[in-house]
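Every chain is numbered from 1, with letters handed out A, B, ... down the list of sequences. None of the values given here were measured: they were computed from a predicted structure.
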Protein chains: 2
Amino acid sequence: MNIGEVAERSGLPAKTIRYYEDIGLVRPQRSRNGYRAFRESDLHKLAFLGRARALGFTIEDCRTLLSLYEDESRESAQVKTLAEEHLAEIDAKISQLQSMRALLSRLVASCCGDDRPDCPILDDLAGEIH
Amino acid sequence: MNIGEVAERSGLPAKTIRYYEDIGLVRPQRSRNGYRAFRESDLHKLAFLGRARALGFTIEDCRTLLSLYEDESRESAQVKTLAEEHLAEIDAKISQLQSMRALLSRLVASCCGDDRPDCPILDDLAGEIH
DNA sequence: CCTTGAGCTTCCAGTGACTGGAAGCTCTAT
DNA sequence: ATAGAGCTTCCAGTCACTGGAAGCTCAAGG
């Protein structure tokens, strides 16, 4: 398989696949013309990576997950721990965004948004207490 | 004021303040010794930037907000529109994170996390339907 | 007066995970 | 023979900082 087909079937851009090779996540063989020659197992790995990235795992987490996946003697606790840590990070991000959202939506609601310059949003950013 | 005091009073790291000068968000004067000499108005601007960044506005949004703040003839609608767009982006991020969270927490719950290799998390990443 | 240490300066490089673009080779169809 | 798509490598840019090196300035203590 050439990179175009792998890109299509894995859902990853060809650029990303080349990048993953650069950083050692996949090691496709090469045809005599210099083109990357992907096997089904490479495609499988790339699809795995795509799904792990879609769950928000970092590239380094993905590397760990791949090696656990390929390690017959892994303990599922290792995977679960990694996933739980990631879950905690997601939760932290969500609550940070939610507090941003709460303040910002209050500010937006308090601004009448017309042609006059008075704006509680700017007042708040400027540190004026109201 | 030297940069250290401004850093302390604005809550921004000195490195960040220098960076903000680099990209033209503040223009402190200089003392004869070459040190940056901040006025109260610079400090005020930096605190404004800190609060805008804490609400998740991009640097370019901050630049726009600052110029609106300094523009006596602004229309509050301009500010409100910017804030509403940003609010929509925050909402999009939150819901993306929440769907990640939903799937990931289901996977975590289904993995017993012991010393055996069987792991529904890895199975899911590998694309195995269960 | 000298030294020490904190604080300031600039400049360069790195972060994460790609993404865009240029220059050039290969393949397929006409 | 040629056109166009697809492939190659390499370099630079994104965003918003952050770390570190090398060197200058200032205030206090001996």
Enquirer: Should B:Arg101 and A:Asp91 count as an ion pair when the cut-off is N to O under 4.0 Å?
Expert: yes

Enquirer: Rounded to whole Å, how long is the line connecting atom CD1 of B:Ile17 with atom C1' of D:dA16?
Expert: 15 Å

Enquirer: Nearest whole Å is fine: how far is C:dG7 C1' from B:Met1 CE?
Expert: 16 Å

Enquirer: For the pair made of CZ in A:Arg18 and P in D:dG6, what is the distance, rounded to whole Å?
Expert: 12 Å

Enquirer: Look at A:Glu75 together with B:Arg116 and state whether they make a salt bridge at an N to O cut-off of under 4.0 Å.
Expert: no

Enquirer: Can you tell me if B:Arg36 touches the phosphate of C:dT9, counting only side-chain N or O atoms and a distance under 4.0 Å to OP1 or OP2?
Expert: yes

Enquirer: Tell me, please, which residues at least two apart from A:Phe48 pass ring pair (Phe, Tyr, Trp, His ring centres under 6.0 Å).
Expert: A:Tyr69

Enquirer: We want to know whether B:Asp114 and A:Ser76 form a side-chain donor-acceptor pair, criterion being a heavy-atom distance below 3.5 angstrom.
Expert: yes

Enquirer: Closer than 4.0 angstrom, basic N to acidic O: yes or no for A:Asp42 and A:Lys45?
Expert: no

Enquirer: May I have the distance from B:Asn2 (atom CG) to D:dC24 (atom C1'), rounded to whole angstrom?
Expert: 14 Å

Enquirer: To the nearest Å, give me how far apart CG (B:Leu12) and C1' (D:dA16) are.
Expert: 12 Å

Enquirer: Take nucleotides 17-30 of chain C nucleotide by nucleotide from the 5' end and write B, S or -, depending on whether a protein heavy atom sits under 4.0 Å from the base, only from the sugar-phosphate, or from neither.
Expert: BBSBB----BS---

Enquirer: In whole Å, I'd like the distance from the CG atom of B:Asp22 to the P atom of D:dC15.
Expert: 16 Å

Enquirer: Does a side-chain N-to-carboxylate-O contact under 4.0 Å join B:Glu5 and B:Arg9?
Expert: yes

